[in-house]
Participant: 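Sharing a structure here in structure tokens format.
No experiment lies behind these values; they were computed from the predicted model shown. Proteins get letters first, then strands, A, B, ... in listed order; numbering begins at 1 in each.
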Amino acid sequence: MIEVCGDAGDALRDLRDGATVLVGGFGEAGLPFGLLEGLLRCSARDLTVVSNNAGNGDSGLAAVLATGRVKKIICSYPRQVDSWVFDRLYREGRIELELVPQGNLAERIRAAGAGIGGFYTPTGVGTPLAAGKEVRNIAGRDYILELPIHGDVALIRADTADEAGNLTYRKTARNFGPIMATAAKITVAEVSRVVPAGAIDPESVVTPGIFVNRVVLASGPARSGPARSGSAHPGSREATR
Amino acid sequence: MIEVCGDAGDALRDLRDGATVLVGGFGEAGLPFGLLEGLLRCSARDLTVVSNNAGNGDSGLAAVLATGRVKKIICSYPRQVDSWVFDRLYREGRIELELVPQGNLAERIRAAGAGIGGFYTPTGVGTPLAAGKEVRNIAGRDYILELPIHGDVALIRADTADEAGNLTYRKTARNFGPIMATAAKITVAEVSRVVPAGAIDPESVVTPGIFVNRVVLASGPARSGPARSGSAHPGSREATR
Amino acid sequence: MSSPLSRADMAKIVARDIPAGSYVNLGIGQPTLVADYLPPDKHVVLHTENGMLGMGPQACGDEIDPDLTNAGKLPVTELPGASYFHHADSFAMMRGGHLDVCVMGAFQVSTAGDLANWHTGDPDAIPAVGGAMDLAVGAKTVYVMMTLFDKDGNAKVVPECTYPLTGLACVSRVYTDLAVFQLKNDQVYVTETFGTTVGELSARLQIPLVAGPSPD
Amino acid sequence: MSSPLSRADMAKIVARDIPAGSYVNLGIGQPTLVADYLPPDKHVVLHTENGMLGMGPQACGDEIDPDLTNAGKLPVTELPGASYFHHADSFAMMRGGHLDVCVMGAFQVSTAGDLANWHTGDPDAIPAVGGAMDLAVGAKTVYVMMTLFDKDGNAKVVPECTYPLTGLACVSRVYTDLAVFQLKNDQVYVTETFGTTVGELSARLQIPLVAGPSPD
């Protein structure tokens, strides 16, 4: 059973100084805007954020970075046309950057969730991003050793949650959500609706409920139409605030 | 685009002596019976079979083993109440067994499909199945190094295929199918029906078409009802032979 | 209690001790009986390693579907809120420490919590391990459920396992017909006895036992 | 042809050389133009690393959906037969060698096929790598699409890359405004020229060139 939180602040109540926060999204698709607003209002400092990008414009993740409470970001693509908040902090030496190739980033997060202690990847071999990493030849090919990235909290955006915590996503907004959900001690999903257990087809569940602790309804109208199999259900709660 | 083969023999036409064959299924759920019958009629010898079990009764995988054309099996659970074919071959020294814990077996198959050169797993540490394997302490815990298992051919049982090769599965018959499909040079799926591209909801695809080369319609009536979203489509071909 | 437990009674007390809201894997054989004593309002979700969460009771009659089985290959049913996933995801769930409890049978458990439950060591036996080693290292808590003595009267809680190991220092509780044991920091605590006493057990097992639960 | 290629013409010949039925990833920027020249009857399936196969053309007007973008974060559409998957699965698909072709831009390509396309080496630049390194090692065939000389007239096909590397010995073809190159066994083959000759190119690039396609 999941906890349906009244607001993002409640969902983030136990965020501690020094925590590692996994933030879903690729650009703005799959970015949990409501949870990031909750993060803005938290007082936790010295956070490490793991996310593909380092914020766009002045809202969402960029607004969180602007508070100065993030000491380090682990990501694959910080520099974008509208990443001025990160750019400034980075040039001022106020944020540490660990740059990871996108596939290694995804696999390191998956490894954390899957209990894998480390893995050998061909990505990055011979490049500056392999500096200091163990290189090993296996069956005639060079690989580097990469280690898992665990989170204290994962903040993700999904589409529909059922009361068992099962999640579906929408299109390419799925991106990092399913793997981040597996890699954190507490996973909070911002969703467009909550439906009764059984209203999501068990064959179509993307994130099983075991990986989800709390859900918060997204503010604003849902982008999607009603859930494919849960829409007609009388118990469903839609995001309409 | 996938190739829809007329029969299992056609789908297995290029199976060579010494090939490694990944066979889906957990017990009989997800076992591709039709493809295994095709394998029976092939002449390829010295095969290595990778499958969770080593056959039940006298049909399916057991019948293939009984031909004497399998030199080695990699599996987690060969001994069952009705595994007499394997038991006899094993006791007579006519088949080699590589026993792998079930999760390591699954992860090694996934690693092959994902281009991972090897991974550290805690499963098996301190047991006889870790004999000869590298042990490494990472962040205070011991792990053993496991290497990928690649297949030449994967034979799996799915439920619905669309013409783009996308697959869905039925209940716990899903088991090893999706990972084996990623780990072989040629993947052949035995399915209950083939529907036009677009008839499977893109959010519910379990195996994307990139991993599937050939499909064969299963003989006998499908266990499942019609496909959730493809049933009414005039182009769909059902297994009714 | 004043007499040794039946299998059903053992399953009952295991079920009693599983925390509400847990995600639980019940190993093949005896542990599957535990499911019968988990009331729905306890919201325990059952995992089966062949790719399902939300497994329901064994299937009967028309419910039987060859595509829906548990890890013991017996036909089962699906509860509302169930989900299906492939084997790598299923064992990632296990190895990643997401299951709260798993319940397994055993040949031997050592005082350090080492588990032996996949091979008798008989050189003539055909080995089979299945998911036992993955469960042993993966679940947050491993409960063992077994008779305390084998048919020949040999103790199955032992100073050191003599059978091939399944996992190291992984068992935290052992439920038997004669007593319930907690294993912690190489100490064996006896929290309940059935038709025997801690003193009698200590003599028969030839290992030091501490009466009462382990300090937290 | 008698004159250097426009960007559109480069995209056209890249599209021409992509085998029918291929699974293809088009990198962000210029390579996305290639999609416009892939006729539907060629059955090329586009992968975007943010979790989709079967990507359609860029979305316009009402089609725009913020939840459906390509790797360059531009809104795109979905074709029949599409599928969605998460990032680990998407890069497993890439790293596992399942994509037939990827097309990327580059700062430099060496005669050995080394690729530099993520960092200019400027110590003041903010680095960003995205999926470039994964694509470089993962796709079966890597095509580079770029101008042959930079704005300052420096050649971008070079004996050795001076910019930080993206991947080693990974590029097999280089499509430029002036010529198409095949890279094989440390040899550079020129299969087509546009408004120039192999001799002229060899002089400007200061690397040995072989006229005609590489032997198979």
Participant: For chain A, which of R141(B), E146(B), R136(B) has the most heavy-atom pairs under 4.5 Å?
Facilitator: R136(B)
Participant: Can you tell which of G103(A), P122(A), G118(A), A139(A) has the highest number of heavy-atom pairs within less than 4.5 Å of chain B?
Facilitator: G118(A)
Participant: Mind checking the CG-CD1 spacing from L145(B) to I138(A)? Nearest 0.5 Å is all I need.
Facilitator: 6.0 Å
Participant: If we ignore hydrogens and angles and just use 3.5 Å, is the side chain of R174(A) paired with the main-chain N or O of E203(B) as donor and acceptor?
Facilitator: yes
Participant: Which atom names give the shortest non-hydrogen contact between S204(A) and S204(B), and what distance separates them?
Facilitator: OG-OG, 3.0 Å
Participant: For the residue pair Y143(B) and I116(A), what are the closest heavy atoms and their distance?
Facilitator: CE2-C, 4.4 Å
Participant: Sort E107(A) into side chain, backbone, both or neither according to what part of it lies under 4.5 angstrom from a heavy atom of chain B.
Facilitator: side chain
